[in-house]
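Comments concern the structure below.
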Amino acid sequence: MLTRCAALAALACWPASLGAQIGLASATAGIALSATKVASVSVSLPAGSSATLPGALVTGPNDFTPLSVATTWDVDPARTAAVTLVRYFTGPAVTAGPAMAGSAGGTLVLFTQTISDANALGARSDDLQMRIDLSGAPDLPAGSYTGILNLQVITQ
Amino acid sequence: MRGPTGRVVRLWLILLVSGATVALGTRKAEAQAGTGSPARIINLAATKTSQLSVIVGSGAVQSIAALTDNAVNNFPVPVSITTAWDVNPGQTNTVNLIAYFTTPAQALVGPATQIPASRVLGRMTTGLPVAFTAITQNALGGVGTAGGSLRLFAQNITGPNKNSSRTDNLNLQINLTGFPTLAPGLYTGTLNLKAVTQ
């Protein structure tokens with residue numbers, strides 16, 4: 001009698017635990033994903049990086065052949081107001097800083113491109129006209145004169 | 001009474017008394033057999049709780065320092081995932097691990113644009129997507145989202161492994177081939193992991 005009761009009690013327990021396992025789901029674990037698209041600006045000289053004055057230096061203006069300059073940018077318009085192209089000769093007093101380029105007394109801003117949502121990804125091509133103006137300058141000794149003109153694009 | 005007949009009389013008396021005793025005893029025995037009280041029921045209840053868990057051991061934070069447009073970008077380290085279960089093999093055929101994005105169209109959100117789940121791929125060489133596969137499957141067993149899920153493995157359950165675990169590595173990548181150039185900035189999102197039985 002006692003054995004029969006114990007068996008019946010055991011059978012009464014069994015079905016309750018079986019039904020709970022169908023469609024059982026765990027707690028959720030998460031993986032945090034992040035990826036950064038870095039802003040970029042670039043300047044290139046599609047027609048080459050050398051410019052030679054045609055003919056000889058003369059007193060007065062001496063013009064080089066225009067040089068093509070290509071500038072591209074891919075920036076965040078929320079953080080960039082303008083893209084600026086500057087040209088400069090390396091000199092003894094070079095300015096420093098993330099938004100500065102050029103040298104004291106030797107820098108020229110070629111253009112400032114305003115940035116908006118519409119042109120945050122963009123490019124432009126310009127011709128750079130260079131001139132050596134010897135008007136009123138002392139006569140130069142004969143010989144070859146060379147130098148490096150730097151071009152750099154910065155964001156502001 | 002004495003004499004040979006006295007001994008016989010004593011014997012008969014003994015037999016008579018014994019018989020009466022036996023007769024009386026028998027009636028008592030008959031009255032006790034088959035008698036019982038009403039049954040009292042004791043309700044017993046005991047539950048063995050099934051267990052199912054997912055733990056990320058390492059790689060819970062995944063970063064790409066510099067995305068390249070129009071290219072495949074790999075997250076540098078794998079995610080180590082341990083799935084554990086204690087289930088009834090009579091009611092559970094498989095334990096499945098599902099990865100999913102809550103909003104598939106915006107798997108990663110950036111400053112101006114979003115990267116959809118179709119551009120995020122997962123690979124588990126010890127599971128089902130042995131090659132990089134876009135996280136664009138549908139939910140399974142009520143877990144996951146339509147078009148934003150990926151079944152990572154389906155573990156068959158039998159008696160020997162009804163209480164067990166496994167550890168797997170998940171590799172992730174963002175494929176931007178043919179995708180419009182992203183605006184510069186930070187893109188973030190969460191990939192959810194959940195196990196479910198079937």
Side-chain angles (χ1 to χ4, degrees), chain A residues 1-42 71-83 98 113 115-123 153-156, chain B residues 36 39 42-56 59-67 69 73 75 79 81 83 85 87-88 90-92 99 107-108 110-112 115 120 141-143 170 172 174 181-198:
Chain A
M1 174 74 84
L2 282 173
T3 304
R4 219 180 305 168
C5 285
L8 287 170
L11 287 173
C13 292
W14 199 237
S17 59
L18 285 177
Q21 298 183 6
I22 300 173
L24 177 69
S26 70
T28 304
I31 303 169
L33 306 177
S34 70
T36 302
K37 169 68 186 295
V38 178
S40 64
V41 292
S42 70
T71 309
T72 64
W73 59 89
D74 186 2
V75 297
D76 181 358
R79 303 174 67 178
T80 302
V83 169
Q113 175 73 54
I115 297 299
S116 66
D117 288 346
N119 70 345
L121 172 64
V153 60
I154 59 173
T155 60
Q156 292 182 303
Chain B
I42 301 174
N43 292 312
L44 304 178
T47 302
K48 166 70 186 299
T49 305
S50 298
Q51 305 290 331
L52 190 56
S53 67
V54 176
I55 295 175
V56 176
V61 178
Q62 296 282 312
S63 299
I64 295 176
L67 277 170
D69 287 308
N73 298 262
F75 285 94
V79 184
I81 305 166
T83 310
W85 60 87
V87 295
N88 186 324
Q91 291 291 319
T92 303
L108 286 91
I115 301 174
V120 184
V143 170
L170 173 64
L172 297 167
I174 297 176
T181 300
L182 289 175
L186 180 65
Y187 294 77
T188 62
T190 299
L191 181 63
N192 301 292
L193 298 173
K194 200 164 190 174
V196 63
T197 61
Q198 280 200 312

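Taking CD1 of B/Ile64 as the start and OG of A/Ser34 as the end, the distance is 8.0 Å to the nearest 0.5 Å. Taken to the nearest 0.5 Å, the CG atom of B/Asp69 stands 8.5 Å off from the CG atom of A/Leu121.
Among B/Val143, B/Val54, B/Asn192, B/Thr190, the single residue meeting the side chain to side chain contact (heavy atoms under 4.5 Å, CB included) criterion with A/Thr28 is B/Asn192.
For a residue to count as touching a neighbouring chain, one of its non-hydrogen atoms must lie under 4.5 Å from one of that chain's; by this rule B/Ala65 touches chain A with the backbone only. For B/Leu186, the parts lying near chain A are the backbone and the side chain together; criterion is any non-hydrogen pair under 4.5 Å. For B/Ile115, no part lies under 4.5 angstrom from a heavy atom of chain A. B/Ala183 touches chain A through its backbone: at least one of N, CA, C or O sits under 4.5 Å from a heavy atom, while the side chain does not. Of the two parts of A/Ala39, the backbone and the side chain both hold a non-hydrogen atom closer than 4.5 Å to a non-hydrogen atom of chain B. Contact annotation for A/Val38: both backbone and side-chain heavy atoms come within less than 4.5 Å of a heavy atom of chain B. Neither the backbone nor the side chain of B/Ile55 comes within less than 4.5 Å of any heavy atom of chain A.
Within the 4.5 Å cutoff, side-chain heavy atoms of A/Lys37 are placed close to those of B/Thr181. Looking only at side-chain heavy atoms (C-beta outward), A/Leu24 and B/Gln51 stay at 4.5 Å or farther from each other. Between A/Leu33 and B/Leu172, some side-chain heavy-atom pair lies under the 4.5 Å cut-off.
Taking the side chain to side chain contact (heavy atoms under 4.5 Å, CB included) definition, one finds that A/Ser40 meets it with A/Asp74, sequence neighbours left out. B/Val56 pairs by the side chain to side chain contact (heavy atoms under 4.5 Å, CB included) definition with A/Ala29, B/Ala60, B/Val79, B/Leu193, not counting sequence neighbours.
For chain B, the option among A/Ala32, A/Ala78, A/Pro77 with the highest count of heavy-atom pairs below 4.5 Å is A/Ala32. Among B/Gly141, B/Ala39, B/Ala66, B/Ala107, the residue with the largest count of heavy-atom pairs under 4.5 Å with chain A is B/Ala66.
Looking at B/Ser53 and A/Ser26, their side chains never bring a donor and an acceptor atom within 3.5 Å of each other.
Closest of all the heavy-atom pairs between B/Lys194 and A/Ala25 is CE-CB, 4.1 Å. The two residues B/Gly59 and A/Ile31 make their nearest non-hydrogen contact at O-CG2, 3.9 Å.
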